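Please read the structure below before turning to the comments.
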2 protein chains.
Amino acid sequence: MGIPTVERSRAVEDYVKAIHAIADDGGDRSVGTTALASHLGVTPASASGMVRKLATLGLASSSPYRGVTLTDDGEGLALSILRRHRLLETFLAQRLGIPWDRVHAEAEVLEHVLSVELEAAIANNLGNPDRDPHGAPIPRSDLTVEEQQTFPLDQLAEGDRVRFVRIPDERPEMLRWLAERGIAPGVEIELKRREPFGGPLTAAINGREHQLGVELAAAIRVEYL
Amino acid sequence: MGIPTVERSRAVEDYVKAIHAIADDGGDRSVGTTALASHLGVTPASASGMVRKLATLGLASSSPYRGVTLTDDGEGLALSILRRHRLLETFLAQRLGIPWDRVHAEAEVLEHVLSVELEAAIANNLGNPDRDPHGAPIPRSDLTVEEQQTFPLDQLAEGDRVRFVRIPDERPEMLRWLAERGIAPGVEIELKRREPFGGPLTAAINGREHQLGVELAAAIRVEYL
DNA sequence: AACAAGAGTTAGGCATGCCATAATCTCATC
DNA sequence: GATGAGATTATGGCATGCCTAACTCTTGTT
Ligand SMILES: [Mn+2]
Ligand SMILES: [Mn+2]
Ligand SMILES: [Mn+2]
Ligand SMILES: [Mn+2]
């Protein structure tokens with residue numbers, strides 16, 4: 001633990017964030033070098049080197065050939081970056097009217113530069129929001145996160161009625177497609193039909209029917225009502 | 001001219017800004033390497049090297065041993081950074097309630113990272129302000145700047161009545177001292193007395209008399225009513 | 001139990017970027 | 001035309017982060 005006083009390079013922060021992200025959706029096991037590397041678009045050798053560095057910085061621990069795990073410090077750093085990222089996205093969308101498909105790219109840069117004071121001011125200005133524009137939970141200032149069980153829309157059965165919870169923020173085209181149709185976290189969705197063989201899903205949303213491709217349906221996370 | 005599309009390092013931007021700043025208050029002549037170096041806290045050798053680099057980037061032109069001048073491109077870059085800086089200061093102070101003595105440090109970092117879109121959104125959100133919290137003019141989006149003649153408060157004669165126009169943003173203590181007394185750009189000032197030998201000035205501001213040290217009085221720029 | 005394939009690591013380098021010291025050079029002035 | 005302040009060059013150091021090539025583990029299969 002401990003308040004991050006040290007200067008952390010952008011690369012270090014992005015690696016830590018990546019390790020956190022990969023571990024998180026693979027159910028918390030340790031992260032492989034290759035997965036990490038491909039996530040960041042570098043070679044495994046590079047990732048391996050950086051992992052060693054993260055270890056000396058006390059951010060990760062890795063037994064060679066066994067994968068990486070974040071230390072408590074590393075986990076804290078990851079969460080604090082995630083907090084800044086999501087607060088920024090929320091602020092940009094809500095206060096500056098930046099479309100939700102573009103806030104991610106901006107936040108990706110600003111997250112590495114935001115001062116503690118500014119982070120606090122933004123959180124305060126927004127009334128300490130729980131979720132970012134894409135429905136992702138914003139880590140609280142004590143770095144706890146509300147966990148919630150969600151399901152990908154493509155696993156529903158016909159007739160299921162659910163609420164749209166969240167969607168990844170990295171795919172602008174998807175976000176734009178949804179925005180054009182007024183589909184955003186919070187709306188109710190009823191699954192009408194699903195075509196076999198990777199066919200589209202038909203869903204009723206806001207009183208209209210929409211055809212959702214499999215990729216999209218897999219990206220949309222929902223909760224049961 | 002031309003829209004800055006290329007990646008410019010933070011150092012490059014700060015050098016250009018420094019050249020602009022030094023040239024600007026010395027009445028536009030070319031800037032010496034040593035002055036530039038000491039302004040940035042590096043050795044003349046380093047500044048010399050960077051100046052050569054700025055020249056290859058088309059941002060500055062320098063005849064060796066004769067000092068540096070910004071090219072039109074360089075001037076444009078300087079002004080655009082200045083615009084971002086001052087928009088940021090205004091935004092932070094006005095929308096996020098950051099005290100005016102702290103906005104400078106934040107802006108100093110963010111100015112290098114702000115996207116064009118965000119700059120526009122901020123300007124728009126603020127209603128395209130003319131001046132930052134310290135009274136400095138904000139370059140317009142076409143990079144023109146309103147020039148205005150001002151005088152340092154310490155050059156006034158007893159009895160002069162003036163308006164506080166601006167104050168440098170780099171000295172937090174000064175700013176805090178002023179803020180505590182409700183003295184900010186826009187207020188009227190009447191010079192009551194000046195003590196000789198570098199003594200303080202007595203000025204009536206907001207219906208109260210204040211003793212202003214020489215340094216402070218020299219930093220405060222005013223216009224005649 | 002041996003082995004191959006895949007995952008991971010190490011070694012060696014390269015590129016960028018920025019700055020410093022030391023030595024040298026230039027130019028304006030006396 | 002000597003001098004000294006200012007400027008430049010030559011070298012080198014350090015920090016970052018990436019790559020390729022070659023090697024070593026680990027593990028699942030046979
Ligand atoms: Mn990032
Ligand atoms: Mn998001
Ligand atoms: Mn700066
Ligand atoms: Mn200012």
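Source: prediction; values computed, not measured. Chain letters run A, B, ... following the sequence lines, proteins first, then strands; residues in each count from 1.
- Between B:Arg66 and C:dA28 there is a side-chain N or O to OP1 or OP2 distance below 4.0 Å.
- OP1 or OP2 of C:dT10 has not a single side-chain nitrogen or oxygen of A:Tyr65 nearer than 4.0 Å.
- Regarding contacts with the backbone of C:dC19, every side-chain N or O of B:Ser46 stays at 4.0 angstrom or more from both OP1 and OP2.
- When each of D:dT16, C:dA7, C:dG17 is scored by its nearest atom to the side-chain atoms of A:Lys53, the top-ranked nucleotide is D:dT16.
- The only option from B:His85, B:Glu170, B:Arg86 that meets the side chain to side chain donor-acceptor pair (under 3.5 Å) definition with B:His104 turns out to be B:His85.
- Map A:Pro44 and B:Pro44 each onto its nearest nucleotide of DNA chain D; the residue landing nearer the 5' end is B:Pro44.
- Looking at every heavy atom in both residues, B:Trp100 comes nearest to B:Ala179 through NE1-CB, 3.5 Å.
- B:Arg10 has no side-chain polar atom (N or O) that falls below the 4.0 Å cut-off from OP1 or OP2 of C:dC18.
- For the pair B:Leu57 CG and C:dG17 P, the interatomic distance rounds to 9 Å; values are reported in whole Å.
- As judged by a 4.0 angstrom heavy-atom cut-off over every strand, B:Thr34 is placed among residues touching the sugar-phosphate backbone only.
- The nearest whole Å value for the distance from the CG atom in A:Leu40 to the P atom in D:dC18 is 8 Å.
- What separates CD of A:Glu13 from P of D:dG17 is a distance of 11 Å, to the nearest Å.
- For B:Thr33, a side-chain nitrogen or oxygen approaches OP1 or OP2 of D:dT8 to under 4.0 Å.
- Between A:Arg52 atom CZ and D:dC18 atom C1' there is a gap of 14 Å when expressed in whole angstrom units.
- Taking side-chain N and O atoms only, B:Thr43 has a distance below 4.0 Å to OP1 or OP2 of C:dA20.
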